[in-house]
Amino acid sequence: MSKKILITGAAGFLGSHLCDRFISEGYHVIGMDNLITGDMQNIEHLMPLPNFEFYHHDVSKYVHVPGHLDYVLHFASPASPIDYLKIPIQTLKVGSLGTHNLLGLAKAKNARLLIASTSEVYGDPAVHPQTEDYWGNVNPVGPRGVYDEAKRFQEAITMAYHTYHGLETRIVRIFNTYGPRMRLNDGRVLPAFIGQAIRGEDLTVFGDGSQTRAFCYVDDLVEGIYRLLHSDYASPVNIGNPDEITIKDFAEEILALTGANQKIIYHNLPVDDPKQRQPDITLAKQLLNWEPKVNRKDGLEKTYAYFKSLSQEALYNKAHNDFSGYKK
Ligand code: UDP
């Protein structure tokens, strides 16, 4: 019998790539999503497959899955600062109540649960690069607090189920990741810049652009998660690409990539925007024999090709979330 895995946030950017990976490894995949930020187009190609099922459900409410389950991956959550501002309560609930429901499900099914945590648990970090033993610098009541604190609670309750109930759990701390299927209008820097370049608009750098990020291509991230799930390590593990770049230089790379001749314009830096971020991946290297393989040039080319292939409607006003045609 094939292994059965529940993936929450299945219609999202990362969730849909994880569905693809586990389908290709021969698993029976149950995708779950409430489609607040997910997009059915991301998993449309999986819908006809006999080993893929989709449940339209909000994991903040009681989660029922019939039959046995071997693994649960909890990837449901808004994941961009613009989304946290629009839907702060849902963001808090999916990280806290949603995680609690999935822990209960995993315990009842004797399944292994991997949760998607984030570099946001480090906040605006005072330690650079960030190692897993750094406890972070988070503003609980700032605009990012709804995400950061939900994710910190998520790690805490996951560890509690591990130590108290002996549940098999894994925690991945995901750093900035990019690739095809990112939502064009979620406000994240890469779709923002590429969308602007394609539409002939100036590129909006926030602040003076000296803040740094380090971008990981989605296939590398998925490989790291796959390896972590099958490891026996319950404490958090950073997965990301340490190749750090300033946001201003990143904007210039996007202009060079797209051949756009617009300018860079400067806007105010959002509140609590981390000044620097770079994963220390020593642990992932030792534990999982993992490191990223895709350099930014190649990853950006693939991502740009995806955005160019979108319809005009998607480029200007991405319509999504019409679930009506997909019910099995
Ligand atoms: N950013 C920017 N212009 C944009 C969108 C984002 O300069 O149009 C900056 C943002 O202020 C941050 C960085 O790019 O410093 C990464 O932002 P993103 O929202 O992608 O992720 P996060 O801040 O969560 O890493």
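As the structure lists them, so they are numbered: ligands from 1, and atoms in each ligand from 1.
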Note to self: Are Phe153 and His100, when compared by the centres of their aromatic rings, separated by less than 6.0 Å?
What the structure shows: no
Notebook entry, point to check: Short N/O distance, under 3.5 Å, between Arg213 and ligand 1?
Noted result: yes
Next item on the list: Report yes if the side chains of Asn137 and Pro125 come closer than 4.5 Å at any heavy-atom pair, otherwise no.
Entry: no
Notebook entry, point to check: Where is the nearest protein heavy atom to atom 7 (O) of ligand 1: which residue, which atom, and how far?
Noted result: Phe206 N, 2.7 Å
Item checked: For Gly187, the ligand 1 atoms whose distance to one of its heavy atoms is below 4.0 Å -> 5 (C)
Checklist line | Polar contact flag for Ile247 and ligand 1 (N/O pairs, less than 3.5 Å) | finding: no
Next item on the list: Can you sort out which atoms of ligand 1 are near Asp273, meaning under 4.0 Å from one of its heavy atoms?
Entry: 10 (C), 11 (O), 12 (C), 15 (O)
Check: Can you tell which part of Asn176 has a heavy atom less than 4.0 Å from ligand 1: side chain, backbone, both or neither?
Finding: side chain
Item checked: Identity and separation of the nearest protein heavy atom to atom 17 (O) of ligand 1 -> Val189 CB, 4.0 Å
Note to self: Is it the case that atom OH in Tyr62 sees more than 12 heavy atoms from other parts of the structure closer than 6.0 Å?
What the structure shows: no
Next item on the list: Look at the rings of Tyr147 and Tyr84 and say which category their plane angle falls in: under 30° parallel, 30 to 60° tilted, over 60° perpendicular.
Entry: parallel
Note to self: Below a 4.0 angstrom heavy-atom separation, can you tell me which part of Pro270, side chain or backbone, both or neither, approaches ligand 1?
What the structure shows: side chain
Notebook entry, point to check: Which protein non-hydrogen atom lies closest to atom 3 (N) of ligand 1, naming both residue and atom, and how far is it?
Noted result: Thr204 O, 2.5 Å
Next item on the list: Flag the pair Tyr178 / Phe13 as yes when their ring centroid distance falls below 6.0 Å, and as no otherwise.
Entry: no
Margin query: At less than 4.0 angstrom from any non-hydrogen atom of Ala192, what atoms of ligand 1 do you find?
Written below: 8 (O)
Check: Can Arg213 be said to sit on top of Phe250's aromatic six-ring, NZ or CZ under 6.0 Å from centre and within 45° of the ring axis?
Finding: no
Item checked: Between Thr204 and Gln196: side-chain donor-acceptor atoms closer than 3.5 Å -> yes
Next item on the list: Enumerate the atoms of ligand 1 whose separation from the nearest heavy atom of Glu120 is less than 4.0 angstrom.
Entry: 24 (O)
Checklist line | atom 21 (O) of ligand 1 [closest protein heavy-atom partner, distance rounded to 0.1 Å] | finding: Arg188 NH1, 3.0 Å
Check: So do the side chains of Asn101 and Leu105 get within less than 4.5 Å of each other, counting heavy atoms only?
Finding: no
Notebook entry, point to check: Would Arg144 count as a contact of ligand 1 if the rule is a heavy atom under 4.0 Å away?
Noted result: yes
Check: Can any side-chain N or O of Gln278 pair as donor or acceptor with the backbone N or O of Pro242 at less than 3.5 Å?
Finding: yes
Notebook entry, point to check: Of all the atoms in ligand 1, which lie at a distance below 4.0 Å from a heavy atom belonging to Pro81?
Noted result: 19 (O)
Next item on the list: Using side chain to side chain donor-acceptor pair (under 3.5 Å) as the criterion, point out the one residue from Asp124, Asn176, Thr212 that pairs with Arg277.
Entry: Asn176
Next item on the list: Identify the residue among Gln154, Glu155, Arg173 that makes a side chain to side chain donor-acceptor pair (under 3.5 Å) with Ser117.
Entry: Glu155
Next item on the list: Look at atom 9 (C) of ligand 1 and say which protein heavy atom is nearest, naming residue and atom and giving the distance to 0.1 Å.
Entry: Gln211 NE2, 3.9 Å
Check: Counting from 1, what ligand 1 atoms have a heavy atom of Val205 closer than 4.0 Å?
Finding: 7 (O)
Margin query: So is Phe250 touching ligand 1 or not, going by heavy atoms under 4.0 Å?
Written below: no
